[in-house]
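In listed order, ligands and their atoms are each counted from 1.
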Amino acid sequence: KNGIVRPKGYNVSWHSNPEIEKHHFGHAHPMKPWRLTLAKSLIMSYGMHTAMDTYVSRLATREELEDFHSEDYLDYLKTAKVAMPDDETPKDYNLGGSDCPIFEGLFNYCSMYAGASIDAARKLCNNESDIAINWSGGLHHAKKAEASGFCYVNDIVLAILQLLRKHPRVLYIDIDVHHGDGVEEAFWSTDRVMTLSMHKYDGLNFFPGTGDLDRTGPDNEGNPGAHHAINVPLSDGIDDEQYVWLFTTIVGRCVDKFQPTAIVLQCGADSLAGDRLGRFNVQVQGHGACVAYCKSLKLPLLLIGGGGYTPRNVARAWAHETSIAIGCDETLDPIIPEHTPYREHFRHDTLFPTLEQILGEPRVNRNTKKKVDEIVSTITEQLRFVNG
Ligand code: VJV
Ligand code: CA
Ligand code: ZN
């Protein structure tokens, strides 16, 4: 296998545990941990693992999970039994419905993806990594005592809490097509974390139904967290040009004002065109440009996964973004190597399966220039209230 040259003096760490990939949410559930196997197959067939420090992550401890989650919720999550297969009504803590089913090994699954994010954050804290990656994490909807939208334990909140032990200010950015409500809410009352989510927003018609432009944090008397939540509500069909322009413009201004000392980027791949649940027209190139922009800021960077429901495209995006982290994106052969396991999955679209190709049926872009400009000017106004 062709190895890739490791950049000197620059460390990328990859945190994963193959056990995670074996879990099943149930027949026809859109969340497929197996997409991680597909992503890993691309990353390894390009030889990228030789250019990173690779770690098999461990389970998060009970104590670590309690940094955010309530004891009673964790007790329930640990002991919850697999329900009747046709039972679709969510039970206590929103567990057991069709979005957040109780499946075999659920607590191990949660402890593993959380352990990987915590490990990754610690590598950044002790300067052993410049960029740390956990594609199995990014489960942004989980609350202190509630499962939500395929998320049970909020590994992002746990990782940010680790970063805050050393870093005075953390910028959290979320390019999943859904609103990053759980992370936003967890840091509602602090000025040490700024949260920024770009997402499809259509009132209550698109999950989770929050994330309008005016949702900036509670501005009750003396709340230091006021104005530190940034929301970019978008309509169907946004393309690379608009998406990347919005991303770089808004993130650039947030960094100028807030002066973060570390960045966490949730790279949910359901914002890609052709996603089973998503509505955007973002391509692998545009999605990756967001990662490249964050890397260019030269701050400790945590890359985590998230949504993504068309597995071959999730794998394409996260393999491409791994190559950006390493700095070998320009030298990769766009045609997926012959020896890649599961290569047939990528032949779905074209004769020669490639890493970066036009994904999905194009959707009509419902985002007007006027609306996009208005979003930037409203957020620019909001940022006048923020100091680094
Ligand atoms: O829209 C919802 C909630 C409902 C109730 C439950 N039914 C199934 C759907 C409507 C109001 N939930 C969303 C949750 C999206 C979570 C996204 C997570 C992330 O990407 O942001 C981060 C990892 C939703 N959209 C689509 C579905 N649920 C869905 C769930 C299924 C399904 C098909 C669609 C569950 C089981 C099966 N099919 C078999
Ligand atoms: Ca988002
Ligand atoms: Zn999502």
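The contact set between ligand 1 and Pro30, taken as ligand atoms under 4.0 Å from a residue heavy atom, comprises 29 (C), 30 (C), 31 (C), 32 (C), 33 (C), 34 (C), 35 (C), 38 (N). Listed by atom number, the atoms of ligand 1 under 4.0 Å from Ser98 heavy atoms are 6 (C), 8 (C), 35 (C), 36 (C). Ligand-side atoms of ligand 1 in range of Gly307: 20 (O), 22 (C), 23 (C), range being under 4.0 angstrom from any heavy atom. Shown in contact with Asp270 at under 4.0 Å from a heavy atom are these atoms of ligand 1, numbered in order with element: 20 (O). Residue contact check: Leu139 has heavy atoms under 4.0 Å from atoms 23 (C) of ligand 1. Short contacts between ligand 1 and His140, defined as distances under 4.0 Å to a heavy atom of the residue, involve ligand atoms 19 (C), 21 (O), 22 (C). Against a heavy-atom cut-off of under 4.0 Å, Met31 is close to the following atoms of ligand 1: 23 (C).
Around the Zn ion (ligand 3), the angle linking Asp176 (OD1) with Asp270 (OD2) is 100°, rounded to 10 degrees. Angle O(Met198) to the Ca ion (ligand 2) to OG(Ser197), rounded to 10°: 90°.
Nearest to the Ca ion (ligand 2), among the N, O or S atoms that Asp174 has, is OD1. The nearest N/O/S atom of Asp176 to the Ca ion (ligand 2) is O. Nearest N, O or S atom of His178 to the Ca ion (ligand 2): atom O. With respect to the Zn ion (ligand 3), His178 has ND1 as its nearest N, O or S atom.
With 3.5 Å as the limit, one finds no donor-acceptor pair spanning the side chains of Tyr243 and Asn367. Of the N and O atoms on the side chains of Asn365 and Gln242, at least one donor lies less than 3.5 Å from an acceptor on the other residue. His179 and Thr210 form a side-chain donor-acceptor contact under 3.5 Å, judged by distance and modelled atom types alone. Side-chain contact, His199 with Asp176: no donor N or O sits under 3.5 Å from an acceptor N or O. Side-chain contact check for Asn17 and Glu19: no donor-acceptor pair (N or O, by modelled atom type) lies under 3.5 Å. Between Asn94 and Ser148, the side chains place no donor N or O within less than 3.5 Å of an acceptor N or O (distance only, hydrogens not considered).
Atom 22 (C) of ligand 1 is approached by the protein to below 4.0 angstrom, counting heavy atoms only.
Looking at Leu139 and Ile156, their side chains never come closer than 4.5 Å, going by heavy atoms from C-beta outward. Side-chain contact between Val244 and Val282 is absent, with no heavy atoms from C-beta onward closer than 4.5 Å. Leu277 is listed as a side-chain neighbour of Phe150, based on a closest heavy-atom distance under 4.5 Å. The shortest side-chain heavy-atom distance between Met194 and Phe187 does not fall under the 4.5 Å cut-off. Within the 4.5 Å cutoff, side-chain heavy atoms of His178 are placed close to those of His140.
Only the backbone of His27 comes within 4.0 Å of ligand 1, judged by heavy-atom distances. Under 4.0 Å from ligand 1, the heavy atoms of His178 that appear belong solely to its side chain. Neither the backbone nor the side chain of Val177 has a heavy atom within less than 4.0 Å of ligand 1. Residue contacts with ligand 1 for Pro101 are absent, since no atom lies close enough (heavy atoms, distance under 4.0 Å).
Remark: among candidates Phe206, Phe207, Tyr309, Phe150, the nearest residue to atom 19 (C) of ligand 1 is Tyr309, based on non-hydrogen atoms. The closest non-hydrogen atom to atom 9 (C) of ligand 1, taken over Asp99, Asn205, Asp174, comes from Asp99.
Test Asp270, Asp236, Asp275 against Lys200 for salt bridge (Lys or Arg N to Asp or Glu O under 4.0 Å) and you get one pass: Asp236. Between Leu65 and the choices Leu158, Ile118, Leu59, the side-chain contact (heavy atoms from CB on, under 4.5 Å) rule is met once, by Leu158.
Of the protein's non-hydrogen atoms, the one nearest atom 38 (N) of ligand 1 is Ala28 O, 3.6 Å. When only non-hydrogen protein atoms are considered, atom 25 (N) of ligand 1 lies nearest to Leu277 CD1, 4.0 Å.
Backbone and side-chain nitrogen or oxygen atoms of His29 are examined, and none is located within less than 3.5 angstrom of a nitrogen or oxygen of ligand 1. Geometrically, ligand 1 and Asp176 share a nitrogen or oxygen pair separated by less than 3.5 Å.
No heavy atom of Gly268 sits closer than 4.0 Å to any atom of ligand 1.
Between Lys143 and Asp181, at least one side-chain N (NZ, or NE/NH1/NH2) sits under 4.0 Å from a carboxylate O, which counts as a salt bridge.
Heavy-atom minimum distance, Tyr152 versus Asp99: OH-O, 4.4 Å.
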